[in-house]
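Would you mind keeping the following structure in view while I ask a few things?
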Amino acid sequence: MPELPEVETVRRGLAPVMEDAVIEAVTQNRPDLRFPFPDKFVERLKGARVKHMGRRAKYLVVELDTGEALIMHLGMSGSFRIELEEGNELPGTYHHPRSEAKAHDHVVFAMKGKTAEARIIYNDPRRFGFMDLVATSELSLCRHFEKMGIEPTGNELNGETISRLFAGKSTPLKAALLDQRLIAGLGNIYVCEALWRSGLSPKRKASTITRKSGKATERSELLALHIRDVIAEAIEAGGSSLRDHRQTNGDLGYFQHRFSAYDREGEACSKVECDGVIERMVQSGRSTFYCAKCQR
DNA sequence: CCGATTACCTGCACGC
DNA sequence: TGCGTGCAGGTAATCG
């Protein structure tokens, strides 16, 4: 499911029922997801209070008062749903009523907050997601984050950083944008969308939008601008719901209605003054949607 | 080192 | 209807 905007949507949904609440119980229904759960997973979580619900790229980072952080990745099909007892809803929110377990419910966190109790359920049919526990002080050095690139939100991402990061890269521009060691958080959808908005071909060598000095170029500025825009707009829209992604209260995200390229094979390109058609091709084993006419 | 391909897993849409 | 095929928002391991 999830690229950065979907994970950020999940983070915002979980924060009100996790922050300052205590993990009263954890039910772990299998020994592994993509990887085995860490040793004594349940014991290390039980009784911990959540200090902060954070995110790094596509990872959720739950900081605990035990000195450890719970790291969670949703893979392709992971999702969370929040169940609250009836009459126990948080002000201004709506969630699932308590229900029977569903297929592929792998982990349940029973949370006790100051005013409400909640069950937070992790469901993941394909089990490409995973969870890990890491000392909070070592977070940036842990195996998940050690080699991770910059966030595509905020001032860190600009023409100069892109120019510097992509300099000398002979890989296609699309592959460079998907490389989490350079920019962390983009996935197939938002890379296709940012390239379409920028009028840049996904096949172009990444180095061709850079300058040897590492200074920004017109193209790298344009790309940085559109990446930041499309990510911000998608977060605002609650992410994109294609198959699995839901907000934690069960609502769909709605950015999929605003796709210009992704999943629009055969449709007319909507760029002003362009009469091209969106095509699909395969790059490093994954679908790329683009307009060969206006993306150069 | 690099870049490209494959593996991991289930569900669903599609064509025959 | 049933079955085979291909495809899916992820990353890690493996191969040249």
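In what follows, every chain begins at residue 1, and chains take the letters A, B, ... in the order their sequences are listed.
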Integer angstrom distance from the C1' of B/dT6 to that of C/dG6: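 Taking atom C1' in both B/dT6 and C/dG6, they lie 16 Å apart.
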Distance-only donor-acceptor check, side chains A/Arg280 and A/Ser287, under 3.5 Å: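 Checked: A/Arg280/A/Ser287 side chains pair up, N/O donor to acceptor below 3.5 Å.
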Whole angstrom value for the distance that separates P of B/dC9 from CG of A/Asn123: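 The answer, rounded to whole Å, is 17 Å.
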Sugar-phosphate only, base, or nothing, as touched by A/Tyr190 at under 4.0 Å among non-hydrogen atoms: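 It contacts nothing in the nucleic acid.
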Base-pairing string, 5' to 3', of DNA chain C - Watson-Crick or wobble, under 3.5 Å, | interstrand: .|||||||.|||||||
Atom pair distance, as rounded to whole Å: NE2 in A/His106 and P in B/dC8: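 It is 17 Å, rounded to the nearest whole Å.
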Options C/dG9, C/dT11, B/dT10, nucleotide nearest the side-chain atoms of A/His73: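 Closest of the options to the side chain of A/His73: C/dT11.
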Pair A/Ser99, A/Glu83: side-chain N/O donor-acceptor within cut-off below 3.5 Å: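 Per modelled atom types, A/Ser99 and A/Glu83 side chains form a pair under 3.5 Å.
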Atom-pair distance (CD1 on A/Ile189; P on C/dA8), nearest Å: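 Distance check: A/Ile189 CD1 to C/dA8 P gives 11 Å.
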Test log, rule side chain to side chain contact (heavy atoms under 4.5 Å, CB included), inputs A/Leu195 and A/Thr288: CA-CA 10 Å; A/Leu195 286 170; A/Thr288 300; 5.8 Å; no
Note: A/Asp105-A/Arg81 ion pair, threshold 4.0 Å (strictly below):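 Between A/Arg81 and A/Asp105 there is a salt bridge, with a charged N closer than 4.0 Å to a carboxylate O.
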Closest listed nucleotide, where the reference is the side chain of A/Arg34 and the choices are B/dT10, B/dG3, C/dT11: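 That would be C/dT11.
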Protein-nucleotide distance (A/Glu6, atom CD; C/dA8, atom P), rounded to Å: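 For the pair A/Glu6 CD and C/dA8 P, the rounded distance is 16 Å.
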Rounded P spacing from C/dT14 to B/dC9 in Å: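 Per the computed distance, 14 Å lies between those P atoms.
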Sugar-phosphate, base or nothing in reach of A/Arg127, heavy atoms under 4.0 Å: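 Sugar-phosphate, backbone atoms only, no base.
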Note: A/Glu43-A/Lys40 ion pair, threshold 4.0 Å (strictly below):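 No salt bridge links A/Glu43 with A/Lys40.
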Phosphate-side-chain proximity, A/Ser77 and C/dG9, N/O vs OP1/OP2 below 4.0 Å: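 Checking A/Ser77 against C/dG9: no side-chain N or O falls below 4.0 Å of OP1 or OP2.
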Spacing of the P atoms in B/dT5 and C/dC7 (rounded, Å):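 So the two P atoms sit 15 Å from each other.
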Ion pair A/Arg55/A/Glu8, N-O distance below 4.0 Å: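 Here A/Arg55 pairs with A/Glu8 in a salt bridge, since their nearest N and O are under 4.0 Å apart.
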Ring-base stacking, A/Phe128 with B/dC8 (5.5 Å, 30° cut-offs):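 The ring of A/Phe128 is stacked on B/dC8.
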Touch class at under 4.0 angstrom, heavy-atom based, for A/Gly285 against every strand present: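 It contacts nothing in the nucleic acid.
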Phosphate OP1/OP2 of C/dT11: any A/His144 side-chain N/O under 4.0 Å: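 No, no such contact exists.
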Donor-acceptor contact present, side-chain A/Gln283 to main-chain A/Pro172, <3.5 Å: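 Side chain of A/Gln283 to backbone of A/Pro172: no pair is present.
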Side-chain N,O (A/Lys58) to OP1/OP2 (C/dT11) below 4.0 Å: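 So the side-chain polar atoms of A/Lys58 do come within 4.0 Å of the phosphate oxygens OP1 or OP2 of C/dT11, strictly under.
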Cation-pi check, A/Arg143 onto A/Phe35 ring (under 6.0 Å, within 45° of axis):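 Yes, cation above the ring, under 6.0 Å and within 45°.
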Protein-nucleotide distance (A/Met148, atom CE; C/dG10, atom P), rounded to Å: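 Between P of C/dG10 and CE of A/Met148: 13 Å.
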Comparing A/Arg126 and A/Phe130 on DNA chain C - which has the more 5′ nearest nucleotide: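 Per heavy-atom nearest nucleotide, the more 5' residue is A/Arg126.
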Proximity to the side chain of A/Pro125 - top-ranked nucleotide from C/dG9, C/dC7, B/dT10: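 That would be B/dT10.
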Short side-chain N/O contact from A/Arg286 to OP1 or OP2 of C/dG10, under 4.0 Å: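 For A/Arg286, the contact criterion (side-chain N or O under 4.0 Å from OP1 or OP2 of C/dG10) is met.
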A/Phe145/A/Tyr59 under ring-ring contact (aromatic ring centres under 6.0 Å, His included): CA gap, chis, key distance, verdict: CA-CA 9 Å; A/Phe145 299 157; A/Tyr59 295 73; 5.2 Å; yes
Separation of B/dA4 P from A/Arg181 CZ (nearest whole Å):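 Atom CZ in A/Arg181 sits about 12 Å away from atom P in B/dA4.
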Closest to the A/Tyr262 side chain, choosing from B/dT5, B/dT10, C/dA8: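 Out of B/dT5, B/dT10, C/dA8, the nucleotide with an atom closest to A/Tyr262's side chain is C/dA8.
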Sugar-phosphate, base or nothing in reach of A/Phe35, heavy atoms under 4.0 Å: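 The residue A/Phe35 makes sugar-phosphate contact but no base contact.
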Nearest-angstrom distance from the residue atom CG of A/Leu74 to C1' of C/dT11: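 Taking atom C1' of C/dT11 as the reference, CG of A/Leu74 is at 13 Å.
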Atom pair distance, as rounded to whole Å: CG in A/Leu177 and C1' in C/dG9: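 The answer, rounded to whole Å, is 16 Å.
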Residue A/Ser287, side-chain heavy atoms: nucleotide from C/dG9, B/dG3, C/dA8 that is nearest: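 Nearest listed nucleotide: C/dA8.
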